[in-house]
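Take a look at the structure below.
Quick note: numbers below take in every heavy atom, side chains included, and nothing from hydrogens, waters or symmetry partners. In what follows, chains are A, B, ... by sequence order, proteins preceding strands, each numbered from 1.
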2 protein chains.
Amino acid sequence: MKVLIIDDEVAINGFINKGLEENGFEVTQTFDGEMGLRLARNSSFDVIILDLIMPGINGLEVCRRLREEHQIQTPILMLTALNTTDDVVEGLNAGADDYLGKPFKFQELLARVRALGRRSGQIESPANLLQVGDLTMDLDQKIVTRAGQELQLTLKEFLLLECLIRNKNRVLSRLDLLEKVWGIHFDTGTNVVDVYMNYLRNKIDKPFDQKLIQTVVGMGYVIRD
Amino acid sequence: MKVLIIDDEVAINGFINKGLEENGFEVTQTFDGEMGLRLARNSSFDVIILDLIMPGINGLEVCRRLREEHQIQTPILMLTALNTTDDVVEGLNAGADDYLGKPFKFQELLARVRALGRRSGQIESPANLLQVGDLTMDLDQKIVTRAGQELQLTLKEFLLLECLIRNKNRVLSRLDLLEKVWGIHFDTGTNVVDVYMNYLRNKIDKPFDQKLIQTVVGMGYVIRD
DNA sequence: ATCCAATATTAAGTCTGTGTTAAGTTTTTT
DNA sequence: AAAAAACTTAACACAGACTTAATATTGGAT
């Protein structure tokens, strides 16, 4: 099991590193938030141990950015000297999964890391899937299937479908879709959304009986169960 | 999000129940381990809050059996007066995902339950609904139903109805409606409002006994409970 | 009861919104 | 560097949403 330690205090970082390695974990150490973010983004860890107080980007910020900007759901154990209720609450709300105050006994850290790791192991295996009816998107493999048949989508088609499914049963306006898929935040008079909706339909709806994508005139598009 | 509380202490059980319900959770309470096991097996909860010390089957045992015998992986928050390191370690090793010592602040419990729940189910955003009598508008799905029956409205009809309901029991003049629905800020002598009010009535009032839209002669229109 | 103004209804004409295609542009692959 | 694929823009056709306008009906005052 792979663990990332992000803590600027060299002594503590080393202490955790040593203890975890003795217990059979694969450990990566880093001493600042910036590097921590980069490592967490680019490798896949099972658990991240994150110090709250660090020079530069602090732990809360690292946590928030991993969750919100990078959509990384690796379990995070927040580690810090602060452990009043407010700090704990703030940490958990920023997206941490657990919180441990310093000083701590190593046995407790170990148990908590195992608890977190156990969870990720089970959650990761049922792949990262989105579904509507008999259509499935595998977000890791980037594969879309309908009725067991694999469909070949381009990037924009894929993103558009993902957006629709993540908001299934909610009608999305062209502007919503332009923002979320194309990153265009104002009306430029383009009709790309229409065109791509057409391409998408040709692939995921045309060959099948039940149509998933619906137009709601004047409002936008939905995908429904 | 569905939460199961297993705690024999009636006061604490009730306290948690009340607090969680106020925060929009669906809560099920039970006061002994036996029943807790049965409920956890048969319904699907997003989080289980489990007291360690209980008469009959204790929390550790419940936790262990859920994990080992029943293969149930619902996140468990262990709750107890004991909070020495050893107890925490034992609890987490039995398969709990988090551990909170009594007494605790409710805000911390809430944050921890949310952190656990975030994993299993997505937080369902409460639907965006407007209601008058037996008529419901779902602003996300853009669906209008009356007496359980789905009604098909066009854009202008939908906006007009939305405007009426948002101002229910308040009489809106034609000019008010022209401004809010059509964006026309001066009198152009048009009678669109009348015409659309007619279309709307044909769909939402004509087929039903109780009429929701009322004309106030010389003043405008209202929708009332 | 009668008249006038306000409101309801209907029907026809206009025009916007949408689907579709094709051609032009950029990016990626070979 | 050429070819293919992906993406964007633009133009056109058509259905149905919307608007206008004319006529019918209702409500309230005299």
Side-chain angles (χ1 to χ4, degrees), chain A residues 142-144 150-164 171-208 211-224, chain B residues 142-144 150-164 171-208 211-224:
Chain A
K142 311 290 181 202
I143 287 175
V144 176
E150 189 172 329
L151 304 172
Q152 206 57 45
L153 299 194
T154 70
L155 175 62
K156 286 288 154 67
E157 289 163 0
F158 191 92
L159 293 175
L160 183 57
L161 182 58
E162 180 180 345
C163 187
L164 285 171
V171 177
L172 298 172
S173 71
R174 282 153 225 280
L175 220 64
D176 289 337
L177 294 166
L178 265 184
E179 285 193 9
K180 298 187 187 198
V181 177
W182 279 266
I184 296 173
H185 298 278
F186 44 92
D187 190 357
T188 59
T190 178
N191 71 333
V192 253
V193 178
D194 295 58
V195 174
Y196 263 81
M197 202 57 78
N198 187 232
Y199 293 158
L200 197 53
R201 277 171 157 159
N202 286 338
K203 293 184 180 176
I204 75 165
D205 270 347
K206 274 268 172 63
F208 301 91
K211 308 304 178 195
L212 296 172
I213 300 176
Q214 292 176 24
T215 304
V216 182
V217 177
M219 310 213 183
Y221 300 93
V222 221
I223 202 160
R224 295 191 211 267
Chain B
K142 312 288 184 198
I143 285 176
V144 177
E150 189 173 327
L151 305 173
Q152 206 59 45
L153 300 193
T154 71
L155 177 62
K156 286 288 154 68
E157 290 163 0
F158 192 93
L159 294 174
L160 183 56
L161 181 58
E162 180 180 345
C163 187
L164 286 171
V171 177
L172 297 171
S173 72
R174 283 150 227 278
L175 220 64
D176 290 338
L177 293 166
L178 264 183
E179 284 194 10
K180 298 189 187 197
V181 176
W182 279 265
I184 297 173
H185 298 279
F186 45 91
D187 190 358
T188 58
T190 178
N191 71 332
V192 255
V193 178
D194 295 58
V195 174
Y196 264 82
M197 202 57 77
N198 187 231
Y199 292 159
L200 198 52
R201 279 171 157 159
N202 287 337
K203 293 185 179 175
I204 75 164
D205 269 348
K206 273 266 173 63
F208 301 91
K211 309 304 178 195
L212 296 171
I213 299 176
Q214 293 175 24
T215 305
V216 182
V217 177
M219 310 261 182
Y221 301 92
V222 221
I223 202 161
R224 293 191 213 269

(message) Could you tell me the boundaries of the chain A footprint on DNA chain C, defined by atoms under 4.0 Å from its heavy atoms?
(response) C/dG17 to C/dA22
Nearest-Å distance, [atom1] ([X]) to [atom2] ([N])?
X        : N      : atom1 : atom2 : value
B/Leu178 : D/dC18 : CG    : C1'   : 14 Å
A/Tyr199 : D/dT9  : OH    : P     : 12 Å
B/Leu160 : D/dC18 : CG    : C1'   : 13 Å
B/Tyr221 : D/dG27 : OH    : P     : 13 Å
B/Asn198 : D/dT19 : CG    : C1'   : 14 Å
B/Leu200 : D/dA17 : CG    : P     : 14 Å
B/Arg201 : D/dT25 : CZ    : C1'   : 13 Å

(message) Among residues 183-195 of chain A, which ones have heavy-atom contacts with DNA chain C below 4.0 Å?
(response) A/Asn191, A/Asp194, A/Val195
(request) Taking the side chain as every heavy atom from C-beta outward, state whether B/Leu164 and B/Met197 have any pair of such atoms under 4.5 Å apart. (result) yes
(message) Could you tell me if the side chain of A/Leu153 sits less than 4.5 Å from the side chain of A/Leu200, heavy atoms only?
(response)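 A/Leu200 vs A/Leu153: side chains touch.
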(message) When you measure from the side chain of A/Asp176 to the backbone of A/Ser173, do you find a donor-acceptor pair of N or O atoms at a distance under 3.5 Å?
(response)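 Flag set: sc A/Asp176 to bb A/Ser173 pair under 3.5 Å.
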(message) Given 3.5 Å as the limit, does a donor-acceptor pair link the side chain of A/Asp205 with the main chain of A/Lys211, or not?
(response)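 No.
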(request) Would you give the length of the straight line joining atom CD1 of B/Ile213 to atom CD1 of B/Ile204, rounded to the nearest 0.5 angstrom? (result) 3.5 Å
(message) Nearest 0.5 angstrom please: B/Asn202 CG to B/Tyr199 OH, how far?
(response)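 Rounded to the nearest 0.5 Å, the CG-OH separation comes out at 9.0 Å.
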(message) Five pairs per end, C1' atoms only: what is the angle between the end axes of the helix from C/dA1-D/dT30 to C/dT30-D/dA1, to 10 degrees?
(response)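 What I find for the helix from C/dA1-D/dT30 to C/dT30-D/dA1 is an axis angle of 30°.
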(request) Indicate whether OP1 or OP2 belonging to D/dG16 is found under 4.0 Å from a side-chain N or O atom of B/Thr154. (result)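 It does not, given that no N or O in the side chain of B/Thr154 lies less than 4.0 Å from OP1 or OP2 of D/dG16.
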(message) With a cut-off of less than 4.0 Å, is there a side-chain N or O of B/Trp182 near OP1 or OP2 of D/dT19?
(response) yes
Side-chain polar contacts of residues 182-192 of chain A - donor-acceptor pairs under 3.5 angstrom, sequence neighbours left out - could you list them?
| unit_1 | atom_1 | unit_2 | atom_2 | d |
| --- | --- | --- | --- | --- |
| A/Asp187 | OD1 | A/Gly189 | N | 2.8 |
| A/Thr190 | OG1 | A/Val192 | N | 3.2 |

Side-chain donor-acceptor contacts of residues 215-224 of chain B below 3.5 Å, not counting sequence neighbours, with atom names and distances?
| unit_1 | atom_1 | unit_2 | atom_2 | d |
| --- | --- | --- | --- | --- |
| B/Thr215 | OG1 | B/Arg201 | NH1 | 3.3 |
| B/Thr215 | OG1 | B/Arg201 | NH2 | 2.7 |
| B/Tyr221 | OH | B/Arg174 | NH1 | 3.0 |
| B/Arg224 | NE | B/Gln214 | OE1 | 3.2 |

(message) Going by salt bridge (charged side-chain N to carboxylate O under 4.0 Å, His left out), name the residues that satisfy it together with B/Lys203, two or more places apart in sequence or in a different chain.
(response) B/Glu157
(message) When you measure only distances, ignoring hydrogens and angles, does the side chain of A/Tyr196 come within 3.5 Å of the base of D/dT9 through a donor and an acceptor?
(response)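 No, the side chain and the base share no sub-3.5 Å donor-acceptor pair.
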(request) Would you name the heavy atoms of A/Leu172 and A/Cys163 that are closest together and state the gap between them? (result) CD1-O, 3.9 Å
(request) Give me the one residue out of B/Asp194, B/Leu160, B/Leu159 that meets side-chain contact (heavy atoms from CB on, under 4.5 Å) with B/Leu177. (result) B/Leu160
